[in-house]
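Report on one structure; see the data block that follows.
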Amino acid sequence: MTVARKINDIMAKSSWIRKMFEEGGRLKAEHGADKVFDFSLGNPILPPPEKFNEILRDTVDSCGLGDHCYMPQAGYPQVCISISQYLSVEQDVPVTCNDVIMTCGAAGALNVILKALLDPGDEVLTPMPCFVEYRFYADNHGGVLKMVATRSDFTLDVEAIGQAISEKTKVVLINSPNNPTGQIYDKACLDALGRLLAEKSDQYGHVIYLVSDEPYRKIVYDGATVPSIFKSYRDSIIATSYSKDISIPGERIGFAAINPMATHRESLMAGMALTNRILGFVNAPALMQRVVARMQGMSVDIDEYKRKRDLLCDGLAEAGYEFIVPPGAFYLFPRTPIADDVEFVRALQKELILVVPGSGFAGPGHFRIAFCVADQTIVNALPGFKRVMQQYH
Ligand SMILES: Cc1ncc(COP(=O)(O)O)c(C=O)c1O
């Protein structure tokens, strides 16, 4: 065998999202793209804000000698300054440019952080359901992903986290607004988590880091806000990107920011600059760094996603589906009317509706609908959703 055993195993299992994506390709070729309702991927449909093209053109036009060269691994100092100034207001904590490192998206940020923190066998604890890739990211760096239950509304169960922490726990990884549930963790529960991690760090004699993966921070509805983890726990790190809020996932640009109060702030930043290099990213894309530095605080029109969310929630509620109306992100995670979510997803597939079984996110008995799609896709899929629900009632 040429491919490593571990990679071969992963390829053989293939993620549910990928399976649905590939199935979508087949069904579209067979039935025509407009007849297939593809809710499988969190690939944002909205174009980037208008300013993006203007700033991009201006950035290209003003490029001079050296503007495409290698740079400090953490990114251009000017870019880190711009982001730290924005973060200081957003997080209500004085962040400096030395606390920010530019990365290849949130995925790049998470890998840079975990590579810098994990020793072989260290555990990364995350609430479930969770983003499928976390298992691979932990494993990439010798870590082990351990999952812990959430409450019935998918909010954090801090007591359960407390019970799951062991001397091997190095990182608690949270994601709010959450993929796949859309849930947001409130300040009271983040404060409780912060107190727990401080206590457990003391008990085990090493820092347990809180890593907050927050690429959906700006995608929130009905006045919801995402509290700052920096205010809740000193040894915390943000991983984020511009992939979802300004709709540029293909450009691979994001950053990690360390809490300026973190115990080992300087060595951690030095470690992350090194891991950015040795993971082969070297530094985040130069052009995009300069563009996003000028786009702080901007986002796509969130009302567009709210309209899609409401359209979907109203239609599915009317058809008898049960779900938490997501306060953030662009995913809905309804309950399946039967225990076997894979069977239910297959039934939806017969209506040419592509969604992902909750089992793929360690959330069995549910399925995920990514509603970052055209309104027409939602409207035209609703009768099929209804027919399938009727089969099970
Ligand atoms: C929860 C979560 N984290 C990280 C990522 C990766 O984001 P990026 O494309 O910025 O690397 C995604 C992408 O879907 C996500 O949903």
Side-chain angles (χ1 to χ4, degrees), residues 15-18 20-21 38-46 48 52 75 83 101-115 124 126-138 140 145 147 150 154 156 171-185 210-220 226 229 237-257 275-276 279-281 283-285 288-289 291-292 295 299-300 305 326-333 355-356 358 360-363 368-373:
S15 93
W16 270 109
I17 301 181
R18 274 284 136 196
M20 286 298 154
F21 185 64
D38 190 351
F39 298 96
S40 60
L41 268 191
N43 207 1
I45 188 181
L46 299 183
F52 176 78
I83 288 173
I101 173 168
M102 300 308 293
T103 61
C104 295
L110 289 167
N111 276 283
V112 161
I113 294 166
L114 295 177
K115 176 88 176 163
V124 177
T126 198
M128 60 185 179
C130 68
F131 183 47
V132 253
E133 307 293 82
Y134 287 168
R135 187 181 295 283
F136 303 120
Y137 297 169
N140 282 346
L145 190 75
M147 298 193 207
T150 46
F154 304 120
L156 286 186
V171 171
V172 171
L173 171 57
I174 58 171
N175 165 222
S176 166
N178 185 267
N179 174 8
T181 67
Q183 192 51 278
I184 295 173
Y185 306 144
L210 176 61
V211 175
S212 177
D213 177 22
E214 38 190 72
Y216 301 98
R217 167 176 278 278
K218 293 201 184 67
I219 305 179
V220 290
V226 181
I229 53 151
I237 309 171
I238 292 171
T240 191
S241 72
Y242 300 90
S243 299
K244 314 287 174 166
D245 56 15
I246 59 171
S247 270
I248 54 166
E251 300 296 347
R252 312 308 304 136
I253 186 75
F255 64 86
T275 58
N276 208 17
L279 282 170
F281 300 128
N283 54 251
M288 278 303 137
Q289 285 194 41
V291 171
V292 297
M295 295 203 63
S299 71
V300 296
Y305 284 134
F330 39 56
Y331 305 105
L332 188 68
F333 202 59
V355 295
V356 184
F361 305 91
R368 190 193 77 171
I369 308 176
F371 60 79
C372 46
V373 296

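As the structure lists them, so they are numbered: ligands from 1, and atoms in each ligand from 1.
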Using modelled atom types only, decide if a donor and an acceptor are shared between the side chain of [X] and the backbone of [Y] within a distance under 3.5 Å.
X      : Y      : answer
Thr150 : Met128 : yes
Arg217 : Val226 : yes
Thr103 : Gly105 : yes

- Task: Go through the structure and list residues passing side chain to side chain donor-acceptor pair (under 3.5 Å) with Asn283, not counting sequence neighbours.
- Result: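 Scan of Asn283 (side chain to side chain donor-acceptor pair (under 3.5 Å), adjacent residues dropped) gives none.
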- For Leu145, check side chain to side chain contact (heavy atoms under 4.5 Å, CB included) against everything at least two apart and list the hits.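 Result, side chain to side chain contact (heavy atoms under 4.5 Å, CB included) vs Leu145: Val124, Thr126, Tyr134, Arg135, Ala138, Met147.
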Close N/O pairs between ligand 1 and protein, under 3.5 Å:
| unit_1 | atom_1 | unit_2 | atom_2 | d |
| --- | --- | --- | --- | --- |
| ligand 1 | 3 (N) | Asp213 | OD1 | 3.4 |
| ligand 1 | 3 (N) | Asp213 | OD2 | 2.5 |
| ligand 1 | 9 (O) | Ser243 | OG | 3.2 |
| ligand 1 | 9 (O) | Arg252 | NH1 | 2.9 |
| ligand 1 | 10 (O) | Ala106 | N | 2.9 |
| ligand 1 | 10 (O) | Ser241 | OG | 2.7 |
| ligand 1 | 10 (O) | Ser243 | OG | 2.6 |
| ligand 1 | 11 (O) | Ala106 | N | 3.2 |
| ligand 1 | 11 (O) | Ala107 | N | 2.8 |
| ligand 1 | 11 (O) | Arg252 | NH2 | 2.7 |
| ligand 1 | 14 (O) | Tyr216 | OH | 3.4 |
| ligand 1 | 14 (O) | Lys244 | NZ | 2.8 |
| ligand 1 | 16 (O) | Asn179 | ND2 | 2.8 |
| ligand 1 | 16 (O) | Tyr216 | OH | 2.7 |

- Query: Considering residues at least two apart in sequence or located in another chain, which fulfil the salt bridge (Lys or Arg N to Asp or Glu O under 4.0 Å) criterion with Lys218?
  - Reply: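 Lys218 satisfies salt bridge (Lys or Arg N to Asp or Glu O under 4.0 Å) with Asp245 only.
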